[in-house]
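Basis for what follows: all heavy atoms, side chains included, without hydrogens, waters or symmetry-related copies. Naming: A, B, ... by sequence-line order, numbering from 1 per chain.
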Amino acid sequence: MIDPPLLNKAVVPASALDVFPTQAPEKGMFISLGPHHPSTHGVLRVAITTEGEIVTGAQPDIGYLHRATEKLAEKRTYPQIIVLTDRLDYLAAMTNNWSYCLAVEKMLNVAIPERADYLRMIVGELQRIASHCVFIGTYGIDIGAFTPFFYSFGRERERILDLFEELCGARLTYNYVRIGGVMADAPDGWLDKVKVFVKEMYAAADEYDKLLTYNPIFTDRTQGIGIMTSEVAKAWGVTGPNLRASGERADVRIDDPYGLYPRVKFDIPIGKNGDCWERYKCRVDEVRESLKIIEQALAQIQPGETMGKVAKYFRVPPGEGYGHLEAPRGDLGFYIISDGSPSPYRFHIRAPSFINLQVLQQLLKGWKVADVIAILGSIDIVLGEVDR
Amino acid sequence: MSSVNILALLQAKFPDIHPIPQPAGQTRGDEVYLDVPLARLAEAAHVLQSDPGLAFNFLSFVTAVDWKTHFETVYYLVSTTHRHKAVLKVKIENRTTPEVPTVTHVWPSADWQEREIWDLFGIRITGHYNLRRILLPDNWEGYPMRKDYVATPDRYD
């Protein structure tokens, strides 16, 4: 039998991982988890081989939601691509828009008006809270707690979506952050509504702690399960809360600041062991930090322009650019190569969900079948981004 | 560390690795762009990761570009200890049977991204332990991200 904690301390060389299993090993069982399993959060299939109750090999099988976004982008103009980015990580479309615009703005070398940058920061952090609310709710369901879902998903996230709807007319695919600024200024009284929401959200975050975080049934299922050391996480390219839970203080907002993040003060919650519970806890703490950022942004924002000087029809000078930011799921980047034509020559997405998911091949090994869902859920993937 | 130092450290071991100058009118970040010959990639990757002065311990992403005459693979490296970044570019002249060595031995995070390159560009990753299509079905014909790919018309076309 494999000792799980020992196994996940070191990086298993790729050659020692197994290739895709299609049948049961000599001694053991073959389990096909998904693609239509309620806990896979979409259409993901994991081919698992087991020996008794212990997982001996796992290979995620992806591609069920592949829509060829990178190829589609080669046939569209730069502003048209923003709507494609909405559909990648559909739980965090604002940050997708923003990351793409950062890359194009870098290539165009345009200045962003200050108010637009503050609005981006406010919606970006609201989006992070909304996305983490989905995680908190669905992770509770994965473990067997149904009630937190109605609180985080049905109550707080819904309020954020209402705010977004008032701001840009859409609830999921916003197309709000545009190249050079934002689509429109906030409507009258919107910022006050955000202020009220922020105040109430602090109380809601404490409520999640009471309901779920320190719930003994929940901690029993998650603490000490799916341990990922920071070496393993870094080697596999894991970013975002998953990496920070392993004790690494890595955040694009600090390491490679963008927007107006240098003007606000906030902490980066980190974990120690990198188990499922800490990956969850990091996200709950991040909600509070995002609230702090929004409060400061609301205090600093001044009236002004919301769109920079960008021509209606423009061509990006030949060359290449890379823009990235801290999306709720990690380091989301867009690598664009322009040949001077109205559409990009090459458009590559550094999708955090896709890259975070590969670690599952190593992470699941040695744990019990009952822990598979707890570990898979704690990685927090969105299949729209995995398959692109 | 500054880009000059990265270059000096690397060129001491690999004199044939050259920086790619920034084209006029283009804005870039603070990354160093390096032109790595195909034959040198495997060795260079190892040095970039293990040399304490370079310590590129994080491979952010790997991708490929079809330049019509040749292919190119791009590796975006980050050092979390020194906080510097580098972009490696490897030119693959052979267009009929393009091949590039794997870097999964050095950075496991290249695993799926290299499979994606094989899947969408048809660049064979030599030495990869599990080179199968990842996003497309196993029986898909052709490599869609190539510029000369002609999509099979379906009932909507």
Side-chain angles (χ1 to χ4, degrees), chain A residues 11-20 59-66 68 70-71 74 105-109 230-232 234-239 248-250 255-256 317-324 331 333 335 337-338 345-346 348-351 354-355 357-359 361-362 386-388, chain B residues 20 22-31 33 49 57-68 72 74 76 78 80 83 85 87 89 102-116 119-120 127-138 140 144-147 149 151:
Chain A
V11 182
V12 175
S15 51
L17 293 169
D18 21 32
V19 291
F20 196 74
Q59 275 284 327
D61 183 12
I62 61 167
Y64 294 94
L65 209 60
H66 181 55
E70 293 183 8
K71 187 79 177 176
E74 287 176 12
E105 282 156 8
K106 228 180 231 179
M107 295 170 84
L108 281 173
N109 212 0
S230 72
E231 285 83 57
V232 172
K234 266 190 288 186
W236 283 98
V238 173
T239 49
E248 198 73 28
R249 205 174 285 275
D255 300 341
D256 196 2
E320 58 200 301
Y322 179 62
H324 66 151
D331 181 353
Y335 176 69
I337 295 178
S338 164
Y345 185 79
R346 175 85 178 96
H348 177 72
I349 308 153
R350 189 223 182 266
F354 175 65
I355 296 168
L357 187 61
Q358 349 176 42
V359 79
Q361 303 170 75
Q362 184 183 339
V386 173
D387 296 338
R388 281 155 295 143
Chain B
I20 305 170
Q22 181 173 331
Q26 190 191 327
T27 45
R28 262 185 191 171
D30 47 358
E31 307 98 350
Y33 282 68
Q49 195 247 15
N57 55 356
F58 191 83
L59 177 70
S60 188
F61 70 84
V62 187
T63 188
V65 188
D66 180 2
W67 287 108
K68 287 175 188 158
E72 192 176 67
V74 182
Y76 193 97
V78 181
T80 53
R83 305 243 173 255
K85 292 173 267 182
V87 182
K89 293 200 162 192
T102 180
V103 293
T104 47
H105 309 298
V106 185
W107 298 290
S109 65
D111 184 351
W112 282 12
Q113 304 181 62
E114 286 185 341
R115 277 175 66 188
E116 192 187 319
D119 190 0
L120 303 179
H128 194 287
Y129 74 107
N130 190 14
L131 197 66
R132 294 180 297 115
R133 284 195 182 268
I134 185 163
L135 295 173
L136 301 178
D138 289 339
W140 193 271
M145 283 303 283
R146 286 190 182 183
K147 290 282 175 185
Y149 178 78

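Heavy atoms of B:Arg133 lying under 4.5 Å from chain A are absent altogether. Heavy atoms closer than 4.5 Å to chain A are found nowhere in B:Asp119, neither backbone nor side chain. Residue B:Gln49 does not touch chain A at all, counting heavy-atom pairs closer than 4.5 Å. Using a 4.5 Å cut-off between heavy atoms, A:Ile62 contacts chain B through both its backbone and its side chain. Both the backbone and the side chain of B:Ser60 have a heavy atom closer than 4.5 Å to some heavy atom of chain A. For chain A, the nearby part of B:Arg115 is the side chain; its heavy atoms alone come within less than 4.5 Å. Contact annotation for A:Tyr345: both backbone and side-chain heavy atoms come within less than 4.5 Å of a heavy atom of chain B.
Considering B:Trp107, B:Tyr33, B:Phe58, B:Phe61 as possible partners of B:Tyr76, the one that fulfils the ring pair (Phe, Tyr, Trp, His ring centres under 6.0 Å) test is B:Phe61.
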- salt bridge (charged side-chain N to carboxylate O under 4.0 Å, His left out) between A:Glu320 and A:Arg346, intermediate numbers included: CA-CA 9 Å; A:Glu320 58 200 301; A:Arg346 175 85 178 96; over 6 Å; no

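Pairing each heavy atom of B:Thr102 with each of B:Glu114, the nearest pair is OG1-OE1, 2.6 Å.
When each of A:Glu248, A:His324, A:Arg388 is checked for heavy-atom pairs under 4.5 Å with chain B, A:Arg388 comes out on top. Comparing A:Thr239, A:Leu357, A:Asp61 by heavy-atom pairs within less than 4.5 Å of chain B, the highest count is held by A:Leu357.
No donor-acceptor contact under 3.5 angstrom links the side chains of A:Gln358 and A:Trp236, judged on distance only.
B:Thr104 has its side chain out of reach of B:Ser109: every pair of non-hydrogen atoms, C-beta onward, lies at least 4.5 Å apart.
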